[in-house]
J.: 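Before we start, here is the structure in question, set down as structure tokens.
Lettering follows sequence order; numbering is per chain, from 1. It should be emphasised that the depicted structure is a prediction, and the values quoted were computed from it without experimental measurement.
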Amino acid sequence: MRARPVILHLDLDAFFTAVEQLHKPSLRGKPVVVGGVGGRGVVSTASYEARVFGVRSAMPTADARRRCPNAAYLGPRFEAYRHCSVQVMDLAREVTPLLEQVSIDEAYLDLTPAHPSPTVDEVTALAEDLRTAIRERTGLTASIGAGTSKLVAKIHSDLAKPDGFALVPPGEEAATLAPMSVRAIPGVGPATAARLAAHGVSTVGRLAEIGADECVALLGRAHGTQLHAFALGVDPREVVTERAAKSVSAETTFPTDVTDRGRLGGHVSRLTERVTDRLRTDGLSGRTVVLKARRHDFSTLTRSTTLDQPTDDPVVVRRHADRLLAALDVSDGLRLVGVGVSGLSLYTQPDLLDGLLDDVLPAPAPEPDEDDEEFARPDAGEVTTEENGSTVLVEAVPEPTGPRWRPGQDVAHSEHGLGWVQGSGVGRVTVRFEGPHTPPGRIRTFPEDDPDLAPAPPPEWSPLVDDGPAADGLSGGGGSLDG
DNA sequence: TCTGGGGTCCTAGGACCC
DNA sequence: TCTGGGGTCCTAGGACCC
């Protein structure tokens with residue numbers, strides 16, 4: 001049996017908004033919210049300045065705007081976030097190769113390979129050196145938790161936020177967790193917490209006391225067993241560098257509910273395209289096609305079919321998704337549709353039987369497809385593809401073109417240079433001209449279709465450039481995210 | 001206030017097989 | 001004629017996480 005490892009949990013602070021403040025000097029020290037900016041958008045990340053007003057992740061953006069009208073509301077720029085994430089993870093892998101990235105801004109590090117049994121002081125030095133390297137090389141702040149398991153590391157990176165470090169010495173796990181709320185345990189959400197509360201359990205220590213059997217009776221076999229072990233500070237989960245994907249999916253929420261089957265079919269088509277594109281990029285095929293629908297009352301339905309052979313063919317996936325949609329009652333309107341493929345494997349097999357079935361159950365005829373005002377689409381053409389020897393007519397599926405300019409978007413102007421979209425509407429777009437290493441920039445407004453204005457790639461923050469005191473909200477001690 | 005999009009894991013019931 | 005248990009696969013829904 002393996003000795004207890006030392007595990008770090010690395011978590012970037014308010015990651016999306018931190019990148020925005022890094023790239024947009026005028027937003028440093030100000031409330032910033034990244035998320036959906038449309039009527040049904042929700043908050044992905046609120047900067048610490050916005051959290052003061054009660055803005056939180058997963059809150060409807062409309063609610064956030066009421067609480068904090070003066071914040072900058074920006075759509076996400078995933079390309080920029082991914083780039084920063086890669087830089088951070090590369091720095092972390094210099095500490096240990098045994099790194100498990102769990103999301104764009106989070107990773108577990110097992111120190112064992114390079115440091116088999118480090119002292120508390122050594123772990124502290126490694127973690128603080130990594131935090132310093134991340135700040136100096138990327139301009140971002142990270143929090144780190146350390147302990148003998150993923151559980152205590154994760155809980156303590158959270159407690160260390162923002163821009164901090166927290167360590168639980170070996171042997172002190174259970175005592176450290178005991179006074180905490182059960183909600184501190186990852187996996188205990190509102191429903192589980194309510195169940196436990198109904199039985200008088202609100203702290204981790206109390207959860208440990210009630211015993212495994214009662215835990216299982218309350219929460220089910222798997223969840224109950226694991227949660228009781230967690231409450232005792234026991235977590236045997238290992239850090240693994242790679243994990244195989246189990247499913248690939250895409251979904252979209254409409255600005256207003258949709259009842260028209262033709263339009264729903266058009267969306268299913270585009271979603272299918274996105275899913276199969278990603279399957280093919282990753283060299284994956286899947287046997288189960290899943291259609292997801294959310295109704296006007298927010299209830300969610302899923303319908304699935306499992307094929308004899310795995311597929312990555314958009315024609316095949318779309319045909320099954322269409323059939324699943326056709327069997328659904330949409331008369332009350334849907335607010336969301338999604339398409340997914342699961343039961344993934346690494347290879348593709350020709351879909352012979354599926355082609356035969358197609359002759360018996362023809363796909364519904366494509367209906368005319370108009371679109372919501374917010375997603376006006378260019379004219380759809382038609383293409384034909386060869387499938388199993390017969391020619392099938394397939395509706396061409398152009399991506400919906402969103403509004404031309406999105407808040408936060410990077411742009412270049414032929415005369416004024418690089419900047420970002422502050423807002424747009426009524427035929428105009430407002431741009432602030434600044435970059436990571438300029439002072440806060442000036443605002444100019446242009447016609448929406450100004451030929452001198454074009455989308456631009458994300459800017460890059462570089463440690464080699466000195467911003468100078470005027471624009472420098474980031475260097476030095478705490479960074480821009482405190483408070 | 002009215003709820004995104006990408007995932008993972010678990011449960012439960014029914015079909016089917018031995 | 002009535003009654004078994006276990007295992008696997010499939011489908012649907014729900015909790016949870018970032």
J.: Considering only heavy atoms of chain A and a distance under 4.0 Å, specify the first and last nucleotide of DNA chain C in 5' to 3' order that meet this criterion.
T.: C:dC10 to C:dC18
J.: Across the strands shown, which category fits A:L301 at heavy-atom distances under 4.0 angstrom: base, sugar-phosphate, nothing?
T.: sugar-phosphate
J.: Can you list the residues that meet the ring-ring contact (aromatic ring centres under 6.0 Å, His included) rule with A:H9, with sequence neighbours excluded?
T.: A:Y108
J.: Would you mind telling me which residue lines up with the more 5' stretch of DNA chain C, A:D11 or A:T306, judged by nearest nucleotide?
T.: A:T306
J.: Counting any heavy atom closer than 4.0 Å, what does A:A62 reach on the DNA or RNA strands: base, sugar-phosphate only, or nothing?
T.: nothing
J.: With a distance cut-off below 6.0 Å to the six-membered ring centre and an angular limit of 45° from the axis, does A:R51 pair with A:F53 as a cation-pi contact?
T.: no
J.: Could you tell me whether A:A64 contacts a base, only the sugar-phosphate backbone, or nothing, with contacts defined as non-hydrogen atoms closer than 4.0 Å?
T.: nothing
J.: By the 4.0 Å heavy-atom rule, please label A:V43 as base, sugar-phosphate, or nothing.
T.: nothing
J.: Only pairs under 3.5 Å count here: list side-chain donor-acceptor contacts from residues 328-340 of chain A, not counting sequence neighbours, and write none if there are none.
T.:
{"from": "A:D329", "atom 1": "OD1", "to": "A:S331", "atom 2": "N", "distance (Å)": "2.9"}
{"from": "A:D329", "atom 1": "OD1", "to": "A:S331", "atom 2": "OG", "distance (Å)": "2.7"}

J.: Between A:R131 and A:E128, is a salt bridge (charged side-chain N to carboxylate O under 4.0 Å, His left out) present by the stated rule, with each step listed?
T.: CA-CA 5 Å; A:R131 291 189 340 99; A:E128 290 294 5; 3.0 Å; yes
J.: On DNA chain B, check which nucleotide each of A:R335 and A:G220 is closest to and give me the residue with the more 5' one.
T.: A:R335
J.: What parts of residues 287-299 of chain A reach DNA chain B, counting only heavy atoms under 4.0 Å away?
T.: A:R294, A:F298
J.: Between A:Q21 and A:R28, do the side chains contain an N or O donor and an N or O acceptor separated by less than 3.5 Å?
T.: no
J.: What contact category does A:T192 fall into here, base, sugar-phosphate, or nothing, at under 4.0 angstrom with non-hydrogen atoms?
T.: sugar-phosphate
J.: Starting from the 5' end of DNA chain B, give me the residue, A:V42 or A:L219, whose nearest nucleotide shows up first.
T.: A:V42
J.: At 4.0 Å (heavy atoms only), tell me whether A:V188 reaches a base, stays on the sugar-phosphate, or touches nothing.
T.: sugar-phosphate
J.: Pull out every residue in residues 143-155 of chain A that has a heavy atom closer than 4.0 Å to any atom of DNA chain B, ordered by number, or say none.
T.: none
J.: Taking only residues at least two apart or on different chains, which pairs with a member in residues 142-155 of chain A satisfy salt bridge (charged side-chain N to carboxylate O under 4.0 Å, His left out)?
T.: A:E100-A:K150, A:E106-A:K154
J.: For DNA chain B, what string of dots and brackets results from 5' to 3' when Watson-Crick and G-U pairs need both distances under 3.5 Å, crossing pairs get [ ], and pairs with another strand get |?
T.: ....||||||||||||||
J.: Identify all side-chain donor-acceptor contacts of residues 216-225 of chain A below 3.5 Å with residues at least two apart in sequence or on another chain.
T.:
{"from": "A:H223", "atom 1": "NE2", "to": "A:G187", "atom 2": "O", "distance (Å)": "3.2"}
{"from": "A:T225", "atom 1": "OG1", "to": "A:R221", "atom 2": "O", "distance (Å)": "2.6"}

J.: Got a sec, which residues hit side chain to side chain donor-acceptor pair (under 3.5 Å) with A:K292, two or more places apart in sequence or on another chain?
T.: A:E251
J.: Between A:L12 and A:V88, does the side-chain contact (heavy atoms from CB on, under 4.5 Å) criterion hold? Intermediate values first, please.
T.: CA-CA 9 Å; A:L12 294 165; A:V88 169; 4.1 Å; yes
J.: Identify, with sequence neighbours excluded, every residue that meets salt bridge (charged side-chain N to carboxylate O under 4.0 Å, His left out) alongside A:R93.
T.: A:D90
J.: Please confirm whether the ring centroid of A:H156 lies under 6.0 Å from the ring centroid of A:F165.
T.: no
J.: Give A:G187 one of three labels, base, sugar-phosphate or nothing, depending on what nucleic acid heavy atoms sit under 4.0 Å from its own.
T.: sugar-phosphate
J.: Tell me what A:R67 touches on the nucleic acid: a base, only sugar-phosphate, or nothing, going by heavy atoms under 4.0 Å.
T.: nothing
J.: Mind checking A:T61 for me? I need base, sugar-phosphate or nothing, with any heavy atom below 4.0 Å counting as a touch.
T.: nothing
J.: Under the side-chain contact (heavy atoms from CB on, under 4.5 Å) test, which residues partner A:S149, sequence neighbours left out?
T.: A:L151, A:V152, A:D235
J.: Please, which pairs that meet salt bridge (charged side-chain N to carboxylate O under 4.0 Å, His left out) have at least one residue in residues 184-208 of chain A, sequence neighbours excluded?
T.: A:R206-A:E209
J.: Say whether A:T276 and A:D312, considering side chains only, have a donor N or O and an acceptor N or O under 3.5 Å apart.
T.: no
